[in-house]
2 protein chains.
Amino acid sequence: MKSAIPETGVPITPPATGNGSDRQEASLHGEILLRLRDYVVEGNIPDGARVPERQLCEMLGISRTPLREALKVLAAEGLIELLPNRGARVRQLSQRDLEELFDVMAGLESLAGRLACEAITDEEIAAIERLHYEMYGHYLHRDMHGYFQTNQQIHESIVAAARNATLKTTYANFAGRIRRVRYSANFARKRQRWAEAMREHEAILDALRRRAGSELSDILFQHLRNKRGAAIEHLAEGPDGTPATTPQGD
Amino acid sequence: MKSAIPETGVPITPPATGNGSDRQEASLHGEILLRLRDYVVEGNIPDGARVPERQLCEMLGISRTPLREALKVLAAEGLIELLPNRGARVRQLSQRDLEELFDVMAGLESLAGRLACEAITDEEIAAIERLHYEMYGHYLHRDMHGYFQTNQQIHESIVAAARNATLKTTYANFAGRIRRVRYSANFARKRQRWAEAMREHEAILDALRRRAGSELSDILFQHLRNKRGAAIEHLAEGPDGTPATTPQGD
DNA sequence: CCACGCCATTTTGCATTCATTTTTTGTCTT
DNA sequence: AAGACAAAAAATGAATGCAAAATGGCGTGG
C-alpha cells in the first residue's frame, strides 16, 4: 500500500489565489472542490500518483459521493485523469503538454492585452507601473520570489483590465495547471532571462500606455513564448541539474 | 428494474463536432456526460429552465449518482449553473456573456492562426483553399446552411493546424457554448455580412500562405470581432425581428 | 529459480437510502 | 376575497450498501 498523501490532514487552504473556475463555497461539494483543487495544484500529490478515494474521504471527513463529484470536475479541468475502473491519477504532463499549455496561456494573455487596451483606465495603468517598479526592485535585489509574485500580479492586472470574466476564469484554470508544475517541479525562471524579461515588460507597459492593442498582443505572446522556452528547457534538464523527469504512465 | 434507455429519450447524438473536453465513453458517467452535453448544446432545454434530475434519470435509465456527476462537470464547463439546494438550470447567457464568449473565441482563433503559421503544411493550406472555394460556391448560391458549415470547417482546420490539443479542446468547449445559443436562438449571420466575411476569409488565406503569424492573428481576431458584432446585434433585436430575448431568472 | 495462474482483498462504479431544504397546497385569519 | 401561516409533498445533498473489476499474494508447475 502506497500512500501518496501525508497523514497530516489537508491544510485549510485560504482562498489565496483563487483559481477556481467556479465558486460554489456553499455546498459541501463546492467546498471539497476548492480544497482538493488547491491541494492538487500545490503539488501535495506527486505526479502520476493515484488519488485514493478512501484515504481522501477520511482525510476530508466526508463520504465518497461529493469527493467523486469533485474528482470528475478536476478531471474536466485537466488537473487529474480518470482511468476507467482504476481510479484517479494526478495528471502527468509531458513536455509537449507543457508547451501546449504555455502557448495557450500566451494566447490568453495576448488576448487580454488586446482587450485591455480597449478599456483600461489611466489609474489601472498607473497601478501596473507601480507594480513594474516594484518588480524592478526585486530584480535588483535578486529576490526571485518577490519578483515572480509581482510579475504574476502584473499579468493578472492585465487580465483584469480586459474586463472579461470568462477570459479571467479560463486564464485562472490554465494558470493553476502550470502552477502545479511549478510547485511540484520547483522550477523558476533562470537568472539569465531576467534582464530580457524586464525589457519585455517595459515594452508591454509602453504599448499599454499607447493603447496599441495589436502591438501589445504581439509583445505579450512573444514574452510568454520566451518564458515557455526557459521553463521547458529548465524542466528538460531538471530543476537542479538532475536528468529530466520523464513522464511515466505505468 | 430499469432496463435500457427508452427510445423516446435523448436522441443518440453522433459525435458530430465532438466538443467534449474529455472522452471517457467507457464509464457510464462518461457516456451520460457526452449525451447530456449534446442534449443541452442542441438546445433541447430552454434557456434558464430547470434541469430536473429525476426526470432525466428515468429518461436516461440511470440513477441520480452518475447524472449528478455529469451535471457538476457541465456546470464547470459553463453550460449549466448549480443553485444550492435548488437544482441545476441551463445557463442563461446575457448579452455581455455572449460578447465575452465571442471575444475569447476570437482570442483562441487568433492564437490558432498564429500557431498554425508555424507548422502548417502546403497540403493543409491547399485543403483550406478548397474549403474556401466551396464556401464561395455556397455564398453564390445563397446557401446559408452550407456556407456556415464550410465556414466552420475552415476555422476548425486552422485550429487543427495549430497542432495544439489543449487549444483544440478549449476551443471546442467554447464553440459548444456558442453553438447552444445558435441552436436555441436560431440565429445566423446576416446576409449583409457575407461579402465582408468573404473578403476577410481571403485575407486569412493570404496571410496563411505567407505564414505571416502576427498578421494572421490580427486578421482572425478582427474577423471574429466582426462576427461578434453581427451576432450580438442579431440577438439583440431577436432572431426574426421579435424583441430581444431578455434573460429571465424564473 | 522463475513464470504462470488462481484466489483473497481492496477499490471502484453505481444504486439505494436517509436527512434537509425547498416548493406547493390547503387552511385560517383579517 | 386576499394574504399569511403551516403542513404536506417533492426535490436536493450527502451517506451507505452492493456488485463488478482490479490489485496483490500465494501456490503450482516448468
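Note on naming: letters A, B, ... go to the chains in the order of the sequence lines (proteins, then strands), and numbering restarts at 1 for each one.
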Report summary line: the helix from C/dC1-D/dG30 to C/dT30-D/dA1: angle between terminal helix axes, five bp per end, to the nearest 10 degrees, reads 0°
Query - Modelled atom types, side-chain donor and acceptor of B/Y171 and B/E109, under 3.5 Å - result: yes
Query raised in the report: C/dT22 C1' sits how many Å from B/R89 CZ, rounded?
Result: 12 Å
Report task. Choose from C/dT12, C/dC14, D/dT16 the nucleotide whose nearest atom is closest to any side-chain atom of A/S63. Result -> D/dT16
Query raised in the report: Taking only N and O in the side chain of A/R86, is any of them less than 4.0 Å away from OP1 or OP2 of D/dT23?
Result: yes
Query - Whole-Å gap separating C1' (D/dT12) and CD (A/E69) - result: 11 Å
Query raised in the report: How long is the line joining CZ of B/R68 and C1' of C/dG13, in whole Å?
Result: 16 Å
Query raised in the report: When all nucleic acid strands are considered with a 4.0 Å heavy-atom cut-off, which category describes B/L83: base, sugar-phosphate, or nothing?
Result: sugar-phosphate
Query raised in the report: Does a side-chain N or O from A/R50 land closer than 4.0 Å to OP1 or OP2 of C/dT12, or not?
Result: yes
Query raised in the report: Do B/N173 and B/T170 have side-chain atoms, one donor and one acceptor, less than 3.5 Å apart?
Result: no
Query raised in the report: Can you check the A/L67 CG to D/dG13 P distance for me, whole Å?
Result: 17 Å
Requested in this report: Map B/N85 and A/T65 onto DNA chain C by nearest heavy atom, then report which one ends up closer to the 5' terminus.
Outcome: A/T65
**Report entry** A/I120 and A/I128, any side-chain heavy atoms less than 4.5 Å apart
**Finding:** yes
**Report entry** Nucleotide nearest B/E53 when distance is taken to its side chain, options D/dA15, D/dA21, D/dT12
**Finding:** D/dT12
Query raised in the report: Charged N to carboxylate O under 4.0 angstrom, B/R180 versus B/D47?
Result: yes
**Report entry** Contact summary for A/M105 and A/I178, nearest pair of heavy atoms
**Finding:** CG-CD1, 3.5 Å
Query raised in the report: A/E58 has an atom CD; how far is it from atom C1' of D/dT16, in whole Å?
Result: 15 Å
Query - Minimum heavy-atom distance between A/A116 and A/I158, given as atom pair plus value - result: CB-O, 3.9 Å
Query raised in the report: Once you round it to whole Å, what is the distance between P of C/dC14 and CZ of A/R64?
Result: 11 Å
Query raised in the report: Between A/D38 and A/N44, what is the shortest heavy-atom contact and its length?
Result: O-OD1, 4.5 Å
Query raised in the report: Taking atom P of C/dT11 as reference, at what distance in whole Å does atom CG of A/L71 sit?
Result: 15 Å
Report task. Figure out the NE2/C1' separation between B/H29 and C/dC14, and round it to whole Å. Result -> 12 Å
